[in-house]
Amino acid sequence: RQALRRRLVNQARFMKGNCLWQRLYDLQDNTFAKMLAGGAIEAIVSDVRHESEQLGMSLDYILTELEETVGAALPNHEWRQHDGYVLTLGSFLKNYGGHHEQPPQQWLQASRVNPPSDPNFHQLAPLLGFGKESPGFGKICPRDGRPHCSYVDGIRERCCSGK
């Protein structure tokens, strides 16, 4: 029994060390694992959440890769101007509702414009933060074990984020 508990805890540590979030959350939910090592596994999951919450982008990433990533993403999207703001459909959907197949009236009435030369956070968020091009799209979140993680968790595997 003790050897099996040790093995389960070591598996959880391995999963943490190799960013295998889905497997770690599956192990945490496993009834047998809970019975033998639930507290230890829960502590490892808690560490994972805490580490994820402490992540930030590395300065090297910001200075070398982020501008290139933004530059490549901007022309891949349609930009429209409405009420003085230049936004993509993702921002319109977030602000006014609707969906890609049936955009809000504000989008349909807005005039097409070129991408911004110096985009702000609100312009970048739907491109890099929560859209399909986001590095976290489709990846399991270490904070809650669900699909689609944050930007910093998404670039973690490339060693572009850290404490």
Side-chain angles (χ1 to χ4, degrees), residues 11-12 14-30 41 44-163:
Q11 281 180 335
F14 174 82
M15 292 170 193
K16 175 188 174 198
N18 289 282
C19 302
L20 301 172
W21 311 131
Q22 185 64 59
R23 290 180 57 193
L24 180 60
Y25 278 91
D26 288 346
L27 182 65
Q28 179 188 27
D29 292 339
N30 181 291
I41 294 170
I44 292 168
V45 169
S46 179
D47 286 346
V48 164
R49 285 186 188 126
H50 180 73
E51 286 175 11
S52 173
E53 290 166 355
Q54 302 303 310
L55 289 177
M57 287 186 219
S58 72
L59 183 58
D60 182 58
Y61 176 79
I62 291 171
L63 295 175
T64 60
E65 291 184 49
L66 184 59
E67 185 174 359
E68 184 178 310
T69 301
V70 168
L74 289 175
N76 294 334
H77 296 271
E78 184 176 339
W79 294 86
R80 295 198 182 187
Q81 186 167 359
H82 176 73
D83 286 343
Y85 297 102
V86 175
L87 302 169
T88 62
L89 179 56
S91 292
F92 275 82
L93 295 176
K94 188 161 179 60
N95 294 335
Y96 302 108
H99 46 84
H100 287 276
E101 294 77 27
Q102 189 174 8
Q105 283 301 311
Q106 293 85 344
W107 172 259
L108 298 172
Q109 295 167 355
S111 56
R112 286 183 179 210
V113 295
N114 290 326
S117 59
D118 187 18
N120 63 37
F121 174 82
H122 299 287
Q123 292 167 321
L124 291 177
L127 306 184
L128 305 177
F130 55 83
K132 289 184 179 181
E133 293 179 38
S134 168
F137 187 83
K139 294 181 181 175
I140 299 300
C141 177
R143 300 173 202 202
D144 61 15
R146 297 179 6 209
H148 313 308
C149 65
S150 70
Y151 195 93
V152 293
D153 288 315
I155 62 173
R156 184 180 197 175
E157 66 191 20
R158 296 185 352 228
C159 300
C160 296
S161 62
K163 295 180 187 178

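- Put simply, the side chain of Pro142 reaches to within 4.5 Å of the side chain of Cys149, judged on heavy atoms.
- Taken to the nearest 0.5 Å, the CG atom of Asp153 stands 10.5 Å off from the CD atom of Glu51.
- Within the 3.5 Å criterion, the main-chain N or O of Arg49 finds no donor-acceptor partner in the side chain of Arg143.
- Distance check: Asp29 CG to Ile41 CD1 gives 10.0 Å after rounding to the nearest 0.5 Å.
- Remark: His50 NE2 to Leu55 CG distance equals 10.0 Å, nearest 0.5 Å.
- The two atoms that bring Pro119 and Val70 nearest to each other are CG-CG1, 3.9 Å, heavy atoms only.
- Other residues, nucleotides and ligands place no more than 12 heavy atoms under 6.0 Å from the CZ atom of Phe14.
- Looking at Leu24 and Gln28, their side chains never come closer than 4.5 Å, going by heavy atoms from C-beta outward.
- Between Met57 and Ile155, some side-chain heavy-atom pair lies under the 4.5 Å cut-off.
- Applying the salt bridge (Lys or Arg N to Asp or Glu O under 4.0 Å) test to Arg23 and every residue at least two apart in sequence or in another chain returns nothing.
- Judged by distance alone, with hydrogens and angles left aside, the side-chain atoms of His148 form a donor-acceptor pair with the main-chain N or O of Gly138 at under 3.5 Å.
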Please tabulate, for the side chains in residues 86-93, all donor-acceptor contacts under 3.5 angstrom to protein atoms that are two or more places apart in sequence or on a different chain.
unit_1: Thr88; atom_1: OG1; unit_2: Gly90; atom_2: N; d: 3.4
unit_1: Ser91; atom_1: OG; unit_2: His122; atom_2: O; d: 3.4

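- A donor-acceptor contact shorter than 3.5 Å is absent between the side chain of Trp107 and the backbone of Arg80.
- Partners of Gln11 by side chain to side chain donor-acceptor pair (under 3.5 Å), not counting sequence neighbours: none found.
- Under the side chain to side chain donor-acceptor pair (under 3.5 Å) criterion, Glu53 pairs with no residue at all, not counting sequence neighbours.
- Between the CG atom of Leu108 and the NE2 atom of His82 there is a distance of 11.0 Å, given to the nearest 0.5 Å.
- Annotation: side chain to side chain donor-acceptor pair (under 3.5 Å) contacts of Glu101 (sequence neighbours excluded): His99.
- Side-chain N or O atoms of Lys139 include one that pairs as donor or acceptor with a backbone N or O of Gly154 at under 3.5 Å.
- Residue Tyr85 places its OH atom among 12 or fewer non-hydrogen atoms of other residues, nucleotides or ligands, all under 6.0 Å distant.
- Considering CH2 of Trp21 and CE of Met15, their distance stands at 11.5 Å, rounded to 0.5 Å.
- The side-chain heavy atoms of Leu66 and Tyr61, taken from C-beta on, include a pair separated by under 4.5 Å.
- Of the inter-residue distances, the one linking Arg112 atom CZ with Glu78 atom CD reads 3.5 Å to the nearest 0.5 angstrom.
- Applying the side-chain hydrogen bond (donor to acceptor under 3.5 Å, both in side chains) rule to pairs touching residues 66-77 yields His77-Glu133, sequence neighbours excluded.
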